> 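Structure in structure tokens, see below.
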Amino acid sequence: MPTEFGLLGDLQARVDGQPLDVGHVRQRCVLAALLVDVNQVVQVGQLINRVWGELAPAGAQATLYSYLSRLRTCLTLADDIQIIRQSGGYLLAADAASVDLHRFYQLAGLARATPDAGQALRIFEESLNLWRGDPLTPLDTPWANSLRTAWERDRVAVDRDRTDLALRHGQHAALAPYLMARVEDHPLDERLVGQLMLALSRSGLQAEALDQYDRLRWRLADSLGVDPTPELQRLHTDVLKGDTELREPAGAIAAGEATVPRQLPAPPPYFAGRARELAELTRVLSVRDGADQTVAMCAVGGPGGVGKTSLALRWAHDNLTSFPDGQLYVNLRGFDPAGPMAPEVALRGFLDGLRLPAASVPADLDARAALYRSLVAGRKMLILLDNAHGMEQVVPLLPGGPGCVVLITSRVRLGGLITNHGARWLGLDVLDGEEAHELLARLLSRGRTDAEADSLREIVRRCGGLPLALSIIAARAVMQPDLPLDAVTRELREEATRLDALNAGDLTADLRAVFAASQHRLAAAPNRLFLLLALAPGPEIGLAAAARLADLSPSRTRLLLQTLQDHHLVQQHRPERYRLHDLVRLYAADRAHRDQTPELLAAALRRLVEHYLDTARRAARVLDPQREPVVADPASTEETAEEFTGQDEALAWFAREHPMLLAAVEHTATQGLDQHTWQLAWTLETFLDYQGHWRDWAQTQRLALDAARRLHDPLRQAHAHRSLGLAGTQLGLLDDAYDNQRRALELFGELGDEGRQADIARGLGWICHQRGHWAEALDFNQQALTLYQHLDHRPGQAMALNNLGWLHVMLGEHRRALAFCTQAVAVHQEIGDTNAEAGAWDSLGFAHHHLGEYAQAVRCYERALELVRGFHEGFNEADILRHLAETRQAAGDPDGARGCLEAALSLLEQLDHPAVEQVRGDLDRLGEAP
């Protein structure tokens, strides 16, 4: 069933023509926030800002997840729509044309590019008829209000373009009344008044046309103290002379049509995706206020091979009719091995295209640039400056006033164009999976792509969405028709041969050569950092870590990273967070091993690992003050590590860095840095447990156990077995968990460590609890409590008391359970362990629930939630929410129960936890309840 969404008026959703209820205003605002960027990931923070702005309530994130869950339910009838969770945010997958906003822009661009006037006018009408009223009604947030203003400007621009076209094709009589009404609404719009003057004059109403000009002139003088534009003054003169009759427009160059330059290369033969970027180019280069005297200009930036030239040429050819006075093009060869083109050479090519005699071309650069600006002044031309190296190349090629449109491509960021010349910036990223697959399918034969679909998907993934890499693979396949694509995928799987596979035989089709051209423009310091970054473990790196890797100050490192960003070799995707494209990383890593000594590389990586370890040690100490700390290496760089003022900061650091820390553990394990391996694994344990990353926890502890065995360290072996037992318990691998805990108990017994024996006994009790062996679990926890009391270990006593309380609930001894849980809460409060206190309140609520004391149970659960949310423990929060839902349902509050289950479901979905289906089933059963 086709689905349609309306944003250009009151917010609407229809399935197969029938209205669809998508909830209350705030929930509809979430839908609108996704539809505006349909098929793109909208970050959670962006969604919260769009829905609430600065008035976001406490718990906005949980509320947002609830709205998203409900929207998914509302959209179940729409089988062509999906709300998909992706890294850091959500994506609404749909046909962009199903959203009236995006269809409006598509139709406007199509109308402007259609050479047949009648057809173009019909498309303009279809575009404008999509507007049903004020957009996004009734949403009232800062985000919605700012969009209304921007979209209205675009609607007015499309309407003006439609009117221009209609006037050029004789529809002046029908337009005059419409334009008269519009001028009443927009009395200072000079373009609109000019259109009305033309319509009146061509309808034989010359006096009325002159009267409109006089009215505007007085209004401008009175309101702004300015005269009408020169263009409108010329129209006034034409009206006075009676010279506004409809006629075919003449070429702007005196010598006639033959002098109109047509320098654009052919459009790319194969092109896929980039709909958003093409629309953005149309928006920033086509829409201009009549009073704006700046040049419409956009710079398209991105790394080598990302498809900047293809995008620019595609857009240029799609919009040829917007440039009746011609197109100028130059490849500035900014990264050519022979060096970039001098601007005077580029100007000579432009002046030749404008049919200027060679004898009239000045030798001086400034004089040549001034003559060029004079020749293009007032013309509607496209100037495409391809592959620019820097501002010194571009500035002499810029026109001096409005009329011309300038499109620039470059591998470097041309910030001066934005600050000094008002250019817009469009950063070009790699293709997404669907776009990359489409491009590769177009390059190859249909039969081949169908027959080797699995290989095609792997090629897309291995090429990382880089268009040049995909084109190189396609070229190899075309040149070697008997070469199965599976053979290519085998080359791409191996990092050592992947870049060899991405070479089609010449410099323009060799990925190494393309990357080398960018790298060779770097000075020594940024080049050294570029090579080191490629070897850093993990998918990204923070500023502080990069500084330790390079052995430089953060301020110096920031400047070098900015240089690498400007050359599109490194991407800053979040503040002070940096990453390399996979293929760029491979290239740089290869160059690092060729150009740098093994000792230098090993020292850099050791500095980085020690930075991670020192900072993780501090964060872990803040996260769990009761836990035995890792002793710092006296030779470490601990003074450079970050400081944390509270648990929130420590959690946030671990959340940012844990992929890099996991990669660092793998790196140290392969490099034989056994001491670093078990220490890193130790510092990660609390965070990985809190956040439910139990598979990662188990993997790091397996590496830690191997390292401890190589070090012949029974204490570290015992700790690793204990951690593996705990992680296995959380993962439901109870047999493996029991074996590891029993081995840990034996080792700690041999070491005479009663405290650890108590911890292990408590862990074994939990495993027995999971198995449903309540009595055995009770024995283990009683054994643990006795040992803790003997040691006067208050935190351990509190945990054992809580467990004993919970187990007595399981055994039906609810009053005894209350006594144990109450003691546990008191001890946790006494020692200040708020995280563990949350678990004790949860157990206390559980006991009250089973006694039918629902009000007391609710209070206990709400206190547990209040505490656990401070630690951002998704799984534990979801578990408490499920208990609270059970109590609310038992107390006759099904709506409250549903809200709790929906919030728990959102948390578990983020964790990709297997309990998701169980919670969904609970929700379904709740809906079936009478």
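FYI, the numbering just counts along the sequence from 1. Since this is a predicted model, take the numbers as computed values, not measurements.
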> Please report the shortest heavy-atom distance between Leu580 and Leu569, naming the atom on each side.
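Shortest heavy-atom separation between Leu580 and Leu569 comes out as CG-O, 3.8 Å.
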> Are Gln327 and Arg262 side-chain neighbours, meaning at least one heavy-atom pair lies under 4.5 Å?
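Of all side-chain heavy-atom pairs linking Arg262 with Gln327, at least one is under 4.5 Å.
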> Would you call Leu75 and Thr3 a side-chain contact if the rule is heavy atoms closer than 4.5 Å?
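In short, these two side chains do not touch, never coming nearer than 4.5 Å.
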> Check side chain to side chain contact (heavy atoms under 4.5 Å, CB included) between Ala166 and all other residues, then give those that pass, not counting sequence neighbours.
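For Ala166, the residues satisfying side chain to side chain contact (heavy atoms under 4.5 Å, CB included) (neighbours in sequence not counted) are Leu121, Gln171, Leu175.
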> With side chains defined as the heavy atoms from C-beta onward, is the minimum distance between Arg155 and Pro135 less than 4.5 Å?
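Side-chain contact under 4.5 Å: no.
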> I'd like to know if Arg72 and Glu909 make a salt bridge, using a cut-off of under 4.0 Å between side-chain N and carboxylate O.
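Here Arg72 pairs with Glu909 in a salt bridge, since their nearest N and O are under 4.0 Å apart.
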> Among residues at least two apart in sequence or on other chains, which ones pass side chain to side chain donor-acceptor pair (under 3.5 Å) with Glu277?
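Glu277 satisfies side chain to side chain donor-acceptor pair (under 3.5 Å) with no other residue.
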> Could you pull out all residues at least two apart from Asn129 that satisfy side chain to side chain contact (heavy atoms under 4.5 Å, CB included)?
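By the side chain to side chain contact (heavy atoms under 4.5 Å, CB included) rule, Asn129 matches Glu125.
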> Using the test side chain to side chain donor-acceptor pair (under 3.5 Å), find all partners of Glu434 that sit at least two apart in sequence or belong to another chain.
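If we apply the side chain to side chain donor-acceptor pair (under 3.5 Å) test to Glu434, skipping adjacent residues, there are no hits.
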> Please enumerate all residues that pass side chain to side chain contact (heavy atoms under 4.5 Å, CB included) together with Val430, with sequence neighbours excluded.
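Val306, Leu466, His581.
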> Can you name the closest pair of heavy atoms from Leu583 and Cys463 and give their distance?
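Minimum heavy-atom contact is CD1-O, 3.4 Å.
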> Please determine if Glu126 and Arg103 form a salt bridge, counting it only when a charged side-chain N lies under 4.0 Å from a carboxylate O.
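So Glu126 pairs with Arg103 through a salt bridge.
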> Under 3.5 Å, is there a donor-acceptor pair between the side chain of Arg424 and the main chain of Val284?
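The answer is no, because no donor-acceptor pair under 3.5 Å joins these two groups.
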> Under 3.5 Å, is there a donor-acceptor pair linking the side chains of Asp386 and Thr409?
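Yes, side-chain donor-acceptor contact under 3.5 Å.
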> Which pairs with one or both residues in residues 299-310 pass salt bridge (Lys or Arg N to Asp or Glu O under 4.0 Å), sequence neighbours excluded?
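Salt bridge (Lys or Arg N to Asp or Glu O under 4.0 Å) check on residues 299-310 returns no pairs.
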> Can you name the residues that form a salt bridge (charged side-chain N to carboxylate O under 4.0 Å, His left out) with Asp164, not counting sequence neighbours?
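With sequence neighbours excluded, Asp164 shows a salt bridge (charged side-chain N to carboxylate O under 4.0 Å, His left out) to Arg191, given in chain and number order.
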> Looking at Asp159 and Arg182, is any side-chain nitrogen of the basic one under 4.0 Å from a carboxylate oxygen of the acidic one?
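Asp159 and Arg182: not salt-bridged.
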> Judged by atom type as modelled, is there a donor-acceptor pair below 3.5 Å linking the side chain of Ser310 to the main-chain atoms of Gly307?
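No, the answer is negative, given that no donor and acceptor are paired below the 3.5 Å cut-off.
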> Search all heavy atoms of Glu435 against all heavy atoms of Gly273 and return the closest pair with its distance.
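The pair with the smallest heavy-atom distance is OE2-CA, 3.5 Å.
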> Of all residues at least two apart in sequence or in a different chain, which pass the side chain to side chain contact (heavy atoms under 4.5 Å, CB included) check with Asp582?
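If we apply the side chain to side chain contact (heavy atoms under 4.5 Å, CB included) test to Asp582, skipping adjacent residues, there are no hits.
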> Taking all non-hydrogen atoms of both residues, which atom of Ala93 and which atom of Ile84 are closest, and how far apart?
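That closest heavy-atom pairing would be CB-CD1, 4.0 Å.
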> Nearest heavy-atom pair of Phe124 and Arg162: which atoms, and what distance?
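Looks like CB-CG, 3.5 Å.
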> Using the ring pair (Phe, Tyr, Trp, His ring centres under 6.0 Å) criterion, which residues pair with Trp52? Sequence neighbours excluded.
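Scan of Trp52 (ring pair (Phe, Tyr, Trp, His ring centres under 6.0 Å), adjacent residues dropped) gives none.
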> Has the side chain of His317 got a donor or acceptor atom that lies under 3.5 Å from a matching backbone atom of Ala312?
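Answer holds: no.
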> Working to the nearest 0.5 angstrom, can you tell me the gap between Thr163 OG1 and Leu179 CG?
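Thr163 OG1 to Leu179 CG: 5.5 Å, rounded to 0.5 Å.
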> Can you name the residues that form a ring pair (Phe, Tyr, Trp, His ring centres under 6.0 Å) with Tyr67, not counting sequence neighbours?
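Only His24 meet the ring pair (Phe, Tyr, Trp, His ring centres under 6.0 Å) criterion with Tyr67.
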> Which pairs pass salt bridge (Lys or Arg N to Asp or Glu O under 4.0 Å) with one or both residues in residues 129-139, sequence neighbours excluded?
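Of all non-adjacent pairs touching residues 129-139, those that pass salt bridge (Lys or Arg N to Asp or Glu O under 4.0 Å) are Asp10-Arg132, Asp100-Arg132.
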> Without swapping roles, check the side chain of Ser66 against the backbone of Ala62 for a donor-acceptor pair under 3.5 Å.
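No.
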> Closest approach of Ile83 and Leu68, non-hydrogen atoms and distance?
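Shortest heavy-atom contact: CG2-CD2, 4.3 Å.
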> Using side chain to side chain donor-acceptor pair (under 3.5 Å) as the criterion, list what pairs up with Gln46, not counting sequence neighbours.
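None.
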> Could you tell me whether the side chain of Tyr329 reaches within less than 4.5 Å of the side chain of Asn331, counting heavy atoms only?
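Of all side-chain heavy-atom pairs linking Tyr329 with Asn331, at least one is under 4.5 Å.
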